[in-house]
S.K.: 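Below is one structure. I have some questions about it.
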There are 2 protein chains.
Amino acid sequence: MAAEGVTAKRADARRNVESILDAAVALLAIDPGVSVNEIAKAAGVGRVTLYGHFPSRAALVEAVSLRVIASTDQALGAIDLEGDPRDAMARLLEATWRLTHRFGAVVIAASGVLTPEEMRRVHEGLARRVHALVERGRDEGAFRRDMPVVWQLATIQAVLHGASAAVHRGDVTTDDATRLVRDTVLAALAVTSSA
Amino acid sequence: MAAEGVTAKRADARRNVESILDAAVALLAIDPGVSVNEIAKAAGVGRVTLYGHFPSRAALVEAVSLRVIASTDQALGAIDLEGDPRDAMARLLEATWRLTHRFGAVVIAASGVLTPEEMRRVHEGLARRVHALVERGRDEGAFRRDMPVVWQLATIQAVLHGASAAVHRGDVTTDDATRLVRDTVLAALAVTSSA
DNA sequence: CTTAAGGCGTACACCATTGTTCGAGAAAAG
DNA sequence: CTTTTCTCGAACAATGGTGTACGCCTTAAG
């Protein structure tokens with residue numbers, strides 16, 4: 001329908017592609033080095049079938065990355081970043097945390113496949129919102145200015161990643177982590193009363 | 001000399017073992033999956049020579065782990081943890097940061113070789129000091145109590161790890177990171193003035 | 001129902017890595 | 001100098017992963 005040059009894929013083929021992508025996202029989010037065999041098995045298809053849809057492991061990882069990026073970008077785009085920087089950051093963190101926890105190590109898998117330039121562009125696109133919000137918070141006196149912005153961004157990312165690890169370890173629940181990430185990051189960004 | 005049961009190793013053999021361990025620590029701290037070949041090459045010895053001293057890759061990683069653990073334990077044991085919890089935490093963080101940055105990913109390599117029980121014991125030994133200090137700080141009203149201790153420990157670890165990544169990325173210098181880690185962690189642990 | 005697209009298992013080539021063996025040669029120890 | 005230990009390269013088997021070729025079978029599509 002879309003293009004008549006390519007013979008429309010059969011229904012089960014489309015279903016399998018979806019299964020493969022779903023399984024790949026789930027497994028790559030835990031272990032970036034998972035084998036194609038395991039992904040195919042988890043998707044309920046044969047390894048050869050997987051290769052019928054994705055010419056190589058790299059292509060699969062790339063497809064997964066694109067899917068994760070699109071999903072992430074869409075979710076973050078819906079966040080209201082206006083108003084008090086602290087409140088906006090709280091909202092942004094809540095959404096970002098869910099995404100980080102859900103996709104986790106996919107980034108690591110992607111870093112081995114995508115070119116550094118592609119990685120930079122993706123990271124840029126996702127970090128842009130946080131970056132802009134941190135800048136605004138600093139300008140408006142809500143966030144401390146005695147640290148580099150890049151450091152503050154790195155801290156946010158580190159806390160998110162650490163929260164994901166803590167949940168996987170069973171130290172805290174996902175719901176608790178939502179609150180803890182927010183409070184911890186806001187405390188780290190807040191202007192010190194002793195200054 | 002030490003024991004007459006074993007024939008004393010030759011001088012160059014001892015030197016080579018040291019070279020191998022040094023190279024292994026350096027390489028494993030960057031890439032936990034580095035090959036034996038690369039380690040041997042970096043140490044300036046043949047791969048077979050390496051296998052002459054360490055029966056397997058796992059044995060090498062274990063030896064490296066033990067060396068790192070001993071070095072870490074000794075360095076942290078020299079820290080004065082008395083006095084104001086904030087000051088003590090600052091001192092502890094400074095030392096821990098240097099170790100984290102120096103050894104980094106060795107932990108990841110070790111996790112694939114050491115048994116979970118061994119890993120737990122090692123982690124316990126290293127986290128014990130931080131844990132005790134956080135507890136004391138909470139009891140004395142210096143650190144906030146509206147977060148689980150395990151979360152606060154996870155946060156500290158996350159910031160340290162993130163700092164190491166930031167330095168490797170070139171976002172901040174090692175010296176800056178020392179100060180930033182301290183200030184960020186203390187801000188995250190501090191009791192909120194708004195509460 | 002007929003047909004073609006897709007699924008699936010087996011088997012194979014290929015590559016990197018681990019771990020071993022052998023023998024010649026260099027170097028330390030006495 | 002002699003002996004013993006160690007180094008080192010080359011070669012080999014084993015493993016585990018990626019990617020391909022082939023043939024049979026299932027299933028969607030018309």
S.K.: May I have the distance from A:I39 (atom CD1) to D:dG17 (atom P), rounded to whole angstrom?
M.R.: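 Checked: the CD1 to P distance equals 12 Å.
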
S.K.: Can a side chain N or O of A:N37 be found less than 4.0 Å away from OP1 or OP2 on D:dG17?
M.R.: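 No, no such contact exists.
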
S.K.: Between B:S56 and A:A13, name the one whose nearest nucleotide on DNA chain C is closer to the 5' end.
M.R.: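 The residue closer to the strand's 5' end, by nearest nucleotide, is A:A13.
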
S.K.: For C:dG7, take OP1 and OP2 only and decide whether either is under 4.0 Å from a side-chain N or O of A:H53.
M.R.: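 For C:dG7, OP1 or OP2 has a side-chain N or O of A:H53 closer than 4.0 Å.
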
S.K.: Rounded off to whole Å, could you give me the OH-to-C1' distance for the B:Y51 and D:dC12 pair?
M.R.: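 Rounded to the whole Å, the gap is 14 Å.
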
S.K.: Rounded to whole Å, how long is the line connecting atom CZ of B:R14 with atom P of C:dA27?
M.R.: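 It is 17 Å, rounded to the nearest whole Å.
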
S.K.: For B:R129, does the CZ atom sit with more than 12 other heavy atoms under 6.0 Å from it, leaving out its own atoms?
M.R.: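 Yes, because the 6.0 Å sphere around CZ of B:R129 holds more than 12 heavy atoms from other groups.
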
S.K.: Which part of the nucleic acid, if any, lies within reach of B:V36 when heavy atoms closer than 4.0 Å are counted: base, sugar-phosphate only, or nothing?
M.R.: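 If one applies the 4.0 Å heavy-atom cut-off, B:V36 turns out to touch the sugar-phosphate alone, with no base involved.
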
S.K.: So does A:R47 reach the base of D:dG19 with its side chain, donor to acceptor, closer than 3.5 Å?
M.R.: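 Under the 3.5 Å cut-off, the side chain and the base do form a donor-acceptor pair.
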
S.K.: Between D:dT18 and A:R57, is there an OP1 or OP2 to side-chain N/O distance shorter than 4.0 Å?
M.R.: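 Answer is yes, contact under 4.0 Å.
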
S.K.: C:dG6, OP1 or OP2 - any side-chain N/O from A:N16 closer than 4.0 Å?
M.R.: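 Answer is no, no contact under 4.0 Å.
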
S.K.: Closest nucleotide of DNA chain C for B:A11 versus for A:T49: which of these residues is on the 5' side?
M.R.: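 Between the two, 5'-proximity favours A:T49.
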
S.K.: Tell me the interatomic distance from B:I20, atom CD1, to D:dT7, atom C1', rounded to whole angstroms.
M.R.: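 Roughly 11 Å, once rounded to whole Å.
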
S.K.: With no hydrogens and no angle check, is any side-chain donor or acceptor of B:T178 less than 3.5 Å from a backbone partner on B:T174?
M.R.: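 Present.
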
S.K.: CZ of B:F54 versus P of C:dT18: gap in Å, rounded?
M.R.: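 Interatomic distance, CZ of B:F54 to P of C:dT18: 15 Å.
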
S.K.: Taking 4.0 Å as the cut-off, does a side-chain nitrogen or oxygen of A:R15 come that near to OP1 or OP2 on D:dA28?
M.R.: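 The answer is yes; a side-chain N or O of A:R15 sits under 4.0 Å from OP1 or OP2.
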
S.K.: Do any side-chain nitrogens or oxygens of A:S35 fall under 4.0 Å of OP1 or OP2 in D:dG17?
M.R.: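 Answer no for this pair, as no side-chain N or O of A:S35 is under 4.0 Å from OP1 or OP2.
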
S.K.: Which residue is it: B:R145, B:R138, B:H131, B:E135? I am looking for the one with a side-chain hydrogen bond (donor to acceptor under 3.5 Å, both in side chains) to B:Q152.
M.R.: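 Between B:Q152 and the candidates, side-chain hydrogen bond (donor to acceptor under 3.5 Å, both in side chains) is satisfied uniquely by B:R138.
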
S.K.: Which nucleotide in the set C:dG6, D:dC6, C:dC22 lies at the smallest distance from any side-chain heavy atom of B:V48?
M.R.: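 Of the candidates, C:dC22 comes closest.
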
S.K.: Rounded to whole Å, please give me the gap between CG in A:L50 and C1' in D:dT20.
M.R.: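 One finds 14 Å between C1' of D:dT20 and CG of A:L50, rounded.
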
S.K.: Applying side-chain hydrogen bond (donor to acceptor under 3.5 Å, both in side chains) between B:W151 and each of A:T184, A:D183, A:D171, A:D176, report the one that passes.
M.R.: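 Exactly one option meets the side-chain hydrogen bond (donor to acceptor under 3.5 Å, both in side chains) with B:W151, and it is A:T184.
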
S.K.: Measure from CG on B:D12 to C1' on C:dA28 and round the result to the nearest Å.
M.R.: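 Atom-to-atom, B:D12 to C:dA28, this comes out as 6 Å.
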
S.K.: If I take atom CZ in residue A:R10 and atom C1' in nucleotide C:dA5, what distance separates them, rounded to the nearest angstrom?
M.R.: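 About 5 Å, once rounded to whole Å.
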
S.K.: Report yes or no: does B:R136 contribute a side-chain atom to a donor-acceptor pair with the main-chain N or O of B:L81 at less than 3.5 Å?
M.R.: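 Pair found, side chain donor or acceptor close to backbone of B:L81.
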
S.K.: Tell me which of B:G52 and A:G33 sits closer to the 5' end of DNA chain D, going by the nucleotide each one is nearest to.
M.R.: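 Nearer the 5' end of the strand: B:G52.
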
